[in-house]
Structures are given as structure tokens and as C-alpha cells.
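Contents: one structure, followed by commentary.
Quick note on labels: first sequence line is chain A, next is B, and so on, each numbered from 1. Quick caveat: nothing in here was measured; it's all calculated off a predicted structure.
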There are 2 protein chains.
Amino acid sequence: MKATIRDVAKLAGVSVATVSRVMNKKGYVNSETEQKVMKAMKQLQFEPNQMARGLAGKRTKTIALILPDISNPFFPGLARGVEDIAQNNGYTVILCNSDDMGVKERSYIEVLKKKYVDGIIFATNNLVREDLERMEEARIPFVMLDRAPNMESGCVIKVDNFGGAKTAVEHLLEAGCKKIAHVYGPQELVTAKERLEGYEEVARQHPWYTPTLMIPGDFTIDGGIRAVDALLSKHPDVDGIFAGNDLMAVGVLKELNRRGISIPGQVKVCGFDGVNLTEITQPELSTIAQPIYQIGELAANKLIERINQSSSHYETVELGVSLIVRESTQKA
Amino acid sequence: MKATIRDVAKLAGVSVATVSRVMNKKGYVNSETEQKVMKAMKQLQFEPNQMARGLAGKRTKTIALILPDISNPFFPGLARGVEDIAQNNGYTVILCNSDDMGVKERSYIEVLKKKYVDGIIFATNNLVREDLERMEEARIPFVMLDRAPNMESGCVIKVDNFGGAKTAVEHLLEAGCKKIAHVYGPQELVTAKERLEGYEEVARQHPWYTPTLMIPGDFTIDGGIRAVDALLSKHPDVDGIFAGNDLMAVGVLKELNRRGISIPGQVKVCGFDGVNLTEITQPELSTIAQPIYQIGELAANKLIERINQSSSHYETVELGVSLIVRESTQKA
DNA sequence: AATTCGTATGTAACCGGTTACTATAAAATA
DNA sequence: TATTTTATAGTAACCGGTTACATACGAATT
């Protein structure tokens, strides 16, 4: 039924080794022989069985993308970037949702090893050094997103959270804000931490700066809502809010709207991430946009590069972010 | 290094066949022998190589999900439902974006065949009968979403678009609308078609009904914006809009907002799908919600069922939708 | 002229499981 | 008691590729 390499070999009158060589363009093959083999492959509609290749050659042309939750609006764009590059290079992507739980991530890694994936992209933050070392031992190339650059191998891709946060606060200042609060995300996440540091860096230089202007949030819409609640009780006169991510910014917007506080009239709001959501809120949300899709592309490209060359030296790439000014921070 | 089935067999003092039987709980194995084997597996930390299993047994414990674009807010929830069920059953999910292009879908199917995926879920609409027949020949179980039930095998999962659309229009009527328009989606899609039919079914019975109240859209935000444009030029007195999906509803909302038309005061808007976006618009959007996550779960469950029993008789499941009333259709 | 090397191809082992088939003893049935 | 049937376990072929190693030959080197 399905043609195998031996069928091709027989039809072409050569050995399986030769056919394999032709397939993989590896080793010496006379060009005439090559033509014969190619013709036989066409004729039989030969499609190499990936399972067999995987078993024999330890290559599956499959990579995995482990992320917290594809439902989180940050990740679809990223996943799309990864998938597009993967596809262009003949790779297929396995999607894994970890809910940011270390256990799930680890169990996934085990499964993926058994399936011989060629590499893994982590958009999560719960793996400890030990896990990564285990990856290296198993010789599975990997790329990580938003990690602190503190390991001896692996590849980390991150954006300039610190700089982006500074830009956000400066932008709010320029828009006329006299007292700017920051709703920060979980401090276990480097991203959240760096953004908070960026805020402080700029805020500290102003007389209105005070620690109670920094409100904890959890990177969710509800977190943004609660934060506004907490913030306004202490600082009813705040006129600028920089949210640690867009989801919280949306929450902030919702709660301000609910309270009848005009945006950007009374309070200006700026988010961080640049997810699509920011275009559909009312008012539209200014934000520090990460090149989400490109991050996905880059991650996939780096991973594939590593798979091919198994150059496992440590490498970190930092991408820039860009301020997108929309209604929520319009000057009076 | 990595323990194989033969290592286990040797250590347990049995044959590989017996080990295999223990692994798969298949055939007769004495319970004492089983214990010995289990112990040996533990001791060697034996992990069966999925590649080998796939090659020998034609089972890869992998399914694929082909959808137009994971960036479209409808799909992340669906993908999550699929992935959760897959994971619970020991399956892994390959994600494929087809951009709704038949060519890409077909090329993906070929790739997936070579990779021996155990089954495929299609959330796309470009495969013709011929493609599906090819799937059947290849004995790859599949489940489709939002398809017209017109084939002899395969499994289709859909929602009650017709009923949902009727509900939407009735809801707008009840909210006080005197002239309701419908922005419909691409008529190649059954979903769009059925929703349009639902609208007509109810609208036809009212004196204000006229074909020009039905505006074509393309299921995107921009499509919604353009539709409002077209609509208002012909019917400036429209006071209710039922959009064929949430994305267009968002566009409608945006454009109405831009024009300073109050919602729900002057015009009420209702969407369809129930994506998360509808909760963050201003005003929040009423919508006919599909049980998106559950559809994903159901699709995965059905597929796995089919994989196990290879019961390939045709089957179609229709799920209900539910009206979610929010601000955009509030009574005066 | 003898040796080495680059080109070209074949043989067969191997990757690590599954499973058809065979063998045997014990239990059930005739 | 003879014949099936059931429980248990092993042998070896097979899935469909990859690749180390062997072979062969003309050209280049010594």
C-alpha cells in the first residue's frame, strides 16, 4: 500500500542505503543514480515515514511550545509566530499548557522526551536550574522567554522591560500626569520585577513618589480592578496609572469607567505588552508593545538553529519595545 | 544509558514479549511475573520509547488540531479545551494554523499522516468531500467543527446557530428595538449562513423587515466597522444590530462609539460567539455564547473515542448556545 | 609499479518497541 | 480417559528508516 524505502530501492534498482542517501543528500551518489531514485520516488509517491526516521535517526522534526495558557491573550500571537517559522522549516509544533505549574511543566518535559521532540520553547517560569541541567544532559535544545539571564547554556529571549517601563512613566509625565501609580505583577516573574524597577527609576525622581503608589496585582483583569480599588482609597488624586501588563490595564480601565472617572480626562492609563485587546477597549489603551509575533518567530528560529548546529553555548537576546499612544493617555 | 524493553526483560528474567504485555496490559501474564517486571521497570526507570511504539504499533498518542488562526480570539479557548482532554488521556496536541486556506490544510494533512497522528480535529471549512474520503481511506479518525452534516462518516460538532440567532433577534426586540439589522459573515461558512437564516426567520415577521437591513461582513472587527458605515447610510434609524460574530460586534461598537451614537441608548448591539473580548468592551457586549471550551473538550473526547473504537459511523452533535445579557442591549 | 584517495554503492545491523506464532502445563469438557 | 480450552511465556519477524562497514574502481601520489 504505502511505499517504503525498499520499494523505491527495488524499483530504482539500487540499495536502500542509496535511496536514503538521496533522500538526505548525504554521502556520495552519482547524479544518474540520483535521477533514477528520484523518478522511482515520484512514481511510487514515496513519503518517508517520520516515525521510522525518528526511531533510527533520533530526529522527529517536531518542537514543543510550553506556555502557561494559550487562553491568555499574550500567547496566541506568540504561538502563531512559532508555528509559522516551524512550518517554514518543516517542523511541527506541540502545544502544551502548563498553567504556570512546575509539576505540569516537568511532566510535559518527560512526555516530550519520550516523544523525541527535537527542541522545546519555554514561555514559562517555573523551571529551576536543576530542570534545565536535566534538559542539557538529555541534549534537548531549548529556548526560554522572559528569563533572567543566569545560566550557563540555553538561549533566552527577552524584551527591555526596564526601559519600556521607564518610557511608559515618562510618557505619562509628558502627557501631563502629576502623580503616577504603578500596578505591578507577581514579583517572582522577572518581567514584572523589571517593569517595577523601571517605574521606580523614573518615579523616584519626582516629589510625588511614595511607595504606596505601587500596588500589587496579579497580571489579570480582576487584579487591575482590585488595584484601582486599593489605589483610590489611598490616593484619590492619582492622575496616571501605569499597569504592569495590558490585562491589568484593562481592569483598571473598567473600574475607572465604572466609577465614572473619565479617561484620559481625570486619569491616564498605560499598559504593557501590546496585546490586541488594547485596541478594542474604550478608550483605546496606550501601551508599551512587545513585538509578540516576532518574539515567537525569533524563538523558533533560535531553537531550530540550535537543533541543527547543537551550538549549546549560552546566548541571550533582548528585543526593544515600542510605545503605542492611543486615547487613554491623550493630553487634555 | 536509556533503558530499553530488553534491559527490563533481562533484569526481570523474562522475554520482551512478556514485558510488552505488562506494559500494555494485554494478553495473559501471571501476577507474580507482572510484579517482577514492574519492579525491573521501576529499577531501570524504564520509559517506553514512543517512536518505537509508533513505528511498530501505529499509535503515536498524538492528535492534531487544525484551525484557521490561533490568534483569532475564538480559538484559544477551544484549543485549551482540546489540549486539556488530550493531556488527561495521555495525548499530545499538534497545533496547525491553516489561515483558512485549503492548500495549507491539505499539506498539513500529508505531514500529519507521515507523522502518524492518531486523529485530527478540524476547526476549518475548506476541505471538500474528496479530502475527507482520503482521510477515511487512510483510516485517520477525525472530528470537524461547524460543518454542515452532509457526509457518510466522520463526526461533526456544531452549535445551534439558527436558534441562537433567533434568540438574539428576539432579545433585541424585547429590549425595545424597532428596527433590527444583521451584519452577516461569509456565506461559505455554514455558521454564518445559519445565523443569517435565524435572523431572517424572526425578522421576516415584522413590518420593518427589508433585505437592505442585512449587511455583509467578513467576521473581522474592520468588517463590523465598515458594515455600520454601509448600514447607517441606508438606515439611519436602525436601533438594533445583531452581528454575526463577536469580532464584528466589536467593530460595530467601535464605530458607533466613534460616531457618538450611544449604546444601548440609541442602538443596541448583540454579538455571537461569547469570546472573552465581549467582557472588556465599553459598554460590555451582549452575546450569544457558544460553550467554546466545552466544544474543544467534546471534540477531543469524541476523537479519542473514535481512535479507540474506530467506530467510524457518522455522527453529529449539536450543542446549545446561551444568551448573555450585558450592557449593550440594556432596556432604556 | 605500488600505495593512497575520492567516488559510488551494497550489506546488514540497529533503533526499540509490537505481535503472530509456537510451546507447554494445567484445568475444563466430552 | 481423550480432547479442548485456558493461562503463561518465549522466539523471532516486523515496522521503515539510518548508518557503520565492506567492496570496487579509476585517478592521483610516491
### Query
Are any of the side-chain nitrogens in Arg134(B) or Glu130(B) under 4.0 Å away from the carboxylate oxygens of its partner?
yes
### Message
Between the base of dG17(D) and the side chain of Arg59(A), is one N or O donor paired with an acceptor at under 3.5 angstrom?
### Response
no
### Query
Can you check whether Tyr28(A) has a side-chain N or O nearer than 4.0 Å to OP1 or OP2 of dT7(C)?
yes
### Query
Do you see a donor-acceptor pair shorter than 3.5 Å between the side chains of Lys115(B) and Thr62(A)?
yes
### Task
Remember a base hit wins even if backbone is also touched, and classify Val19(B) as base, sugar-phosphate or nothing at under 4.0 Å, heavy atoms.
nothing
### Task
Looking at every strand, decide which applies to Ser20(B) at a 4.0 Å heavy-atom threshold: base, sugar-phosphate, or nothing.
base
### Task
Starting from the C-alpha separation in whole Å, work towards a yes-or-no answer on side-chain contact (heavy atoms from CB on, under 4.5 Å) for Ile157(A) and Met144(A).
CA-CA 6 Å; Ile157(A) 296 173; Met144(A) 316 186 57; over 6 Å; no
### Query
Any side-chain N or O of Thr33(B) less than 4.0 Å from the OP1 or OP2 oxygen of dA9(D)?
yes
### Task
Whole angstrom is fine here: how far is it from CG in Asn49(A) over to P in dG17(D)?
6 Å
### Query
Any luck finding a side-chain donor-acceptor pair between Asp118(A) and Thr60(A) under 3.5 Å?
yes
### Query
Looking only at side-chain N and O atoms, does Arg53(B) come under 4.0 Å of OP1 or OP2 in dG16(C)?
no
### Message
Please determine whether a side-chain nitrogen or oxygen atom of Thr18(B) lies at a distance below 4.0 Å from atom OP1 or OP2 of dG10(D).
### Response
yes
### Query
Considering only heavy atoms and no angle criterion, is a donor-acceptor pair shorter than 3.5 Å present between the side chain of Arg6(B) and the base of dG17(C)?
yes
### Summary
Here the distance between atom P of dG16(D) and atom CZ of Phe46(A), to the nearest Å, is 10 Å
### Task
Taking only the side-chain heavy atoms of Arg21(A) (C-beta and beyond), determine which of dA20(D), dT18(D), dG16(C) contains the nearest atom.
dA20(D)
### Query
Hey, does the side chain of Asn30(A) come within less than 4.0 Å of dT7(C)'s phosphate (OP1/OP2), counting only N and O?
no
### Task
Output yes when at least one side-chain N/O atom of Thr4(B) is less than 4.0 Å from OP1 or OP2 of dG16(C), else no.
no
### Message
Please tell me whether Ser71(A) and Asp69(A) have a donor and an acceptor in their side chains that are separated by less than 3.5 angstrom.
### Response
yes
### Message
Suppose we screen for side chain to side chain donor-acceptor pair (under 3.5 Å). Which residues come up paired with Asn88(B), at least two apart in sequence or across chains?
### Response
none
### Message
What is the separation between atom CD1 on Ile5(A) and atom P on dC15(C), rounded to the nearest whole Å?
### Response
18 Å
### Task
Would you work out how much the helix from dA1(C)-dT30(D) to dA30(C)-dT1(D) bends between its ends, with each end axis defined by five base pairs, to 10 degrees?
40°
#### Entry: For atom CG of Leu44(A) and atom C1' of dG17(D), their distance in whole Å
16 Å
### Message
Nearest whole Å is fine: how far is dG16(C) P from Lys2(B) NZ?
### Response
9 Å
### Under the side chain to side chain contact (heavy atoms under 4.5 Å, CB included) test, residues paired with Asn276(B) that sit two or more places apart
Glu279(B)
### Task
Considering just the side-chain nitrogens and oxygens of Lys26(B), establish if one lies under 4.0 Å of OP1 or OP2 belonging to dT19(C).
yes
### Message
If the threshold is 4.0 Å, N to carboxylate O, is there a salt bridge linking Glu315(A) and Lys302(A)?
### Response
yes
#### Entry: 5′-ward residue of the pair Val16(B)/Ala56(B) relative to DNA chain D
Val16(B)
### Query
Rounded to the nearest Å, what distance is computed from the NZ atom of residue Lys113(A) to the C1' atom of nucleotide dG16(C)?
18 Å
### Query
For Tyr116(A) and dG17(D), what is the distance between atoms OH and C1' respectively, to the nearest whole Å?
14 Å
### Query
Between Met51(A) (CE) and dT18(C) (C1'), how many Å, whole number?
15 Å
